[in-house]
Amino acid sequence: MITVYNTLTQRKETLQPIEPGKIRLYVCGITVYDYCHLGHARMLVAFDLIVRYLRYRGLDVTYVRNITDVDDKILKRAQEEGVLFSDITARYIKAMHADEQALAILPPDQEPRATEHIEQIVAMIETLVSKDFAYRADNGDVYFSVARCPDYGKLSKKNMDELLDGARIEVGELKKDPRDFVLWKASPDDGVGWDSPWGYGRPGWHIECSAMSTCALGNTFDIHGGGSDLKFPHHENEIAQSECATDSTFANVWLHNGPLRIDNEKMSKSLGNFFTIREVLKEHDAEAVRYLLVASQYRSPINYSLDSLEQAQKGLERFYHALKGLDIGNAKSLTNSRFEKAFQAAMDDDFNTPEAFAVLFDMVSEINRLKKTDPDMASQLGALLVRLADILGVLQSDAEEFLRRSGGDELDAEAIDALVAARDQARADKDWQKADEIRDQLTALNVVVEDGTGGSTWRIER
RNA sequence: GGCUAGGUGGCAGAGUGGUCAUGCAGCGGACUGCAACUCCGUUAACGCCGGUUCGAUUCCGACCCUAGCCUCCA
């Protein structure tokens, strides 16, 4: 039994698929006007983890994550660079896919784009207009009437009257009510746009998600996800549009991942603590970044710092030390292990990855103990560890290889091998002084030599 | 100001009405030519004040503090 925290009801609920054995999941993806940043990575990894776990538990998941490929920020960027907006989106979609691959994020089953769903978007707006939930303003914009939707605010727990107080009063207001939001934006004749019953224009941001999710998954689907900062207004507006248009519940469960902070501050361009995924991966090991992103529960804030990355690296090293030297490829697969049961219990409880990691660390202790007494069993446990860690998207590297690679700096492996071999010779000759001299040399290169029963191995110590 | 989520050992980060989270760091021991890794043992926490209770870090209430959202944002 899997329980998940539903933002809508503010409590943990048993996950009850609409269709037995199947989960239909929609997640708000990225607006492609720049390279993906760490906050995007947090969201992408959170839902990657959730999808992987649901599949591991035998659910047939249809994972849909959209791409917003028409939007004011994109148009602005295109204008600045003097290129087509589709050139901008093509560039950043490609970059996004590369970043995802680097962080072991599996692609969604469907990746619909707003520009490919103009027809469905227009159709949904037409429905809303015909049911009097939306109206056309004089300039060709179409707005949603928030006042017509009595339970507006149910996701973000906002009060309709307070929203009215807080709403910004705009000069030359086209809206009938300050809470109303745009469904269709009029475009200039020479701008990016599509023909519609209300004139030449382009979709508002919120409507595309309503149209695409409904199109891919039906009027009602199991889970809708996204970053917690999208709760209001984006997700609130999605619910309003969709439920008014279809007269059906939109999504049964809402899942929101927590924010990512940098050195305990909100990441923002103005604070100068803004990191793209590719910048970070130039300096740090991708697996350490992935580990950092799954080591906290998906709803908790994550603090990104050099220190937290180092902690992640240390954690991985403990795992890989345990895996080193095991014969995982030939190990018999373990079923019904108490470790796997504990792992499941942790993950069933709203994807409690910290507790799942505690189980994996217990396995490490057990493996290390068994290495001497029962190497065969140690390998079997090692294989199980790798299998379970795969759900979290970590520990899929070769142990030796991981311990040898140093995030960023390329050390000359052959030169190190030669030094290690020379030291082994000195040790064989019992020339301890020479052996120690070589160790000192290697230490200066941040290389730790480990003398095991099967010979000496080395690794990078940062 | 409103809404939401939090305040746990040196740090990160789970959880529970009364026995261990876990990782890193620390301390003692074993192993090692020296190390590293590892193992064994060990120290240490639950914002503040009340209440419920035989007993609360865990439940309830007040208070203090922090973060996010309330405007584009994963």
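Note on naming: letters A, B, ... go to the chains in the order of the sequence lines (proteins, then strands), and numbering restarts at 1 for each one.
A side-chain donor-acceptor contact under 3.5 Å links A:Glu243 to the backbone of A:Phe250. The backbone N or O of A:Gln344 sits less than 3.5 Å from a side-chain atom of A:Tyr53, completing a donor-acceptor pair. Side-chain N or O atoms of A:Arg113 include none that pairs as donor or acceptor with a backbone N or O of A:Thr68 at under 3.5 Å.
Salt bridge status for A:Asp72 with A:Arg202: present, with a side-chain N to carboxylate O gap under 4.0 Å. With respect to the salt-bridge test (charged N to carboxylate O, under 4.0 angstrom), the residues A:Glu265 and A:Arg261 do not qualify. For the pair A:Arg65 and A:Glu100, the salt-bridge criterion is met [side-chain N within less than 4.0 Å of a carboxylate O].
Among the atoms of the strands shown, base atoms are found under 4.0 Å from some heavy atom of A:Gly39. Residue contacts shown for A:Leu38 are absent, as no nucleic acid heavy atom lies under 4.0 Å away. Within the 4.0 angstrom heavy-atom criterion, no nucleotide atom of any strand lies near A:Arg65. Backbone-only contact: A:Asn368 has heavy atoms under 4.0 Å from sugar-phosphate atoms and none from a base. Across all strands, A:Arg299 comes closer than 4.0 Å to no nucleic acid atom at all (heavy-atom distances). Looking at heavy-atom distances under 4.0 Å, A:His256 makes no contact with the nucleic acid at all. Among the atoms of the strands shown, only primed sugar atoms or phosphate atoms (P, OP1, OP2) are found under 4.0 Å from some heavy atom of A:Gly29. Here A:Lys157 lies in heavy-atom contact (under 4.0 Å) with sugar-phosphate atoms only. Across all strands, A:Ser296 comes closer than 4.0 Å only to sugar-phosphate atoms, never to a base (heavy-atom distances). Looking at heavy-atom distances under 4.0 Å, A:Lys73 makes contact with sugar-phosphate atoms alone, never a base. Using a 4.0 Å heavy-atom cutoff across all strands shown, A:Ser365 reaches sugar-phosphate atoms only and no base atom. When heavy atoms are screened at a 4.0 angstrom cut-off, A:Thr353 is found touching no nucleic acid atom at all. Among the protein residues, A:Val359 comes within range of no part of the nucleic acid, since none of its heavy atoms lies under 4.0 Å from any strand.
If you find the closest nucleotide of RNA chain B to A:Leu230 and to A:Asp307, the one lying nearer the 5' end belongs to A:Asp307. Ranked by how close their nearest RNA chain B nucleotide is to the 5' end, A:Gln297 and A:Ala435 are led by A:Gln297.
Rounding to whole angstrom units, CG of residue A:Leu360 and P of B:C24 are separated by 14 Å. In this structure, A:Arg179 atom CZ and B:C70 atom P are separated by 17 Å, rounded to whole Å. Atom-to-atom, CD of A:Glu461 to P of B:A36 comes out at 10 Å; the value is rounded to the nearest Å. A:Lys314 places its NZ atom 16 Å from the C1' atom of B:U22, with the value rounded to the nearest Å. Atom pair A:Asn159:CG and B:C3:P shows a separation of 9 Å (rounding to whole Å applied). In this structure, the CH2 atom of A:Trp254 is 15 Å from the C1' atom of B:C69, given to the nearest Å. Note: CD (A:Glu317) to P (B:G23) measures 15 Å, nearest angstrom. If you take CD of A:Gln441 and P of B:C34, they are 21 Å apart, rounded to a whole angstrom.
In a base pair of the Watson-Crick type (N1 to N3 plus N6-O4 or O6-N4) or a G-U wobble (N1-O2 and O6-N3), with each distance short of 3.5 Å, B:C54 is matched with B:G18. With a cut-off of 3.5 Å on both pairing distances, B:G9 has no Watson-Crick or G-U wobble partner at all. Pairing for B:C31 is absent, judged as Watson-Crick or G-U wobble with the two contacts each under 3.5 Å. Base pairing of B:C63: its partner is B:G47, meeting the Watson-Crick or G-U wobble criterion (both donor-acceptor distances under 3.5 Å). Base pairing of B:G68 is made with B:C3, judged by Watson-Crick or G-U wobble geometry with both donor-acceptor distances under 3.5 Å. Across all strands shown, the partner of B:U42 is B:G26, judged by Watson-Crick or G-U wobble contacts whose two distances both fall under 3.5 Å.
Distance noted for atom P between B:A14 and B:U22: 15 Å (whole Å). Nucleotides B:C11 and B:A74 have their C1' atoms positioned 27 Å apart, rounded to a whole Å. Comparing B:A12 with B:G17, their C1' atoms are spaced 27 Å from each other, to the whole Å. Going from the C1' atom of B:G10 to that of B:G55 covers 30 Å, rounded to whole Å. Separation of the C1' atoms belonging to B:G23 and B:C64 is 31 Å when rounded to the nearest angstrom. If you take atom P in B:C69 and the same atom in B:A56, they sit 39 Å apart, rounded to whole Å. To the nearest whole angstrom, the two P atoms, one in B:U66 and one in B:U53, are 35 Å apart.
Residue A:Gln313 has no polar side-chain atom (N or O) positioned under 4.0 Å from OP1 or OP2 of B:C24. Contact check, A:Arg318 against B:U22: no side-chain N or O comes under 4.0 Å of OP1 or OP2. Side-chain N/O atoms of A:Tyr5 include one lying less than 4.0 angstrom from OP1 or OP2 on B:A5. When the side-chain nitrogen and oxygen atoms of A:Asn264 are compared with OP1 and OP2 of B:A67, none of them lie within a distance under 4.0 Å.
Residues A:Tyr33 and A:Tyr92 place their aromatic rings such that the two centres sit no closer than 6.0 Å.
The aromatic rings of A:Phe144 and A:Phe181 lie parallel to each other, with less than 30° between the two planes, well short of the 60° mark.
Checking B:A25, B:U22, B:A74 against every side-chain atom of A:Met43, the shortest atom distance belongs to B:A74. Of the candidates B:A35, B:A25, B:U4, B:A35 carries the atom nearest the A:Arg439 side chain, counting heavy atoms from C-beta on. Among B:G33, B:U4, B:A14, the nucleotide with an atom closest to any side-chain atom of A:Lys231 is B:U4. Of the candidate nucleotides B:G33, B:A36, B:A5, B:A5 has the atom nearest to the side chain of A:Gln10. Picking from B:C11, B:C3, B:C72 the nucleotide with the shortest atom distance to the side chain of A:Pro233 gives B:C72. The A:Pro259 side chain lies nearest to B:A74 when the options are B:A74, B:U22, B:C34. Nearest to the side chain of A:Gln311, among B:A74, B:G33, B:C11, sits B:C11.
Judged by a 6.0 Å distance limit and a 45° cone about the ring axis, A:Lys158 is positioned over the six-membered ring of A:Phe232.
For A:Asp72 against B:C72, a side-chain-to-base donor-acceptor contact under 3.5 Å is absent. No donor-acceptor contact under 3.5 Å links the side chain of A:Asn352 to the base of B:G15.
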For a salt bridge (charged side-chain N to carboxylate O under 4.0 Å, His left out) check, start with the C-alpha distance between A:Arg427 and A:Asp424, then their side-chain angles and the critical distance, and finish with the verdict.
CA-CA 5 Å; A:Arg427 291 179 69 229; A:Asp424 276 347; 3.8 Å; yes
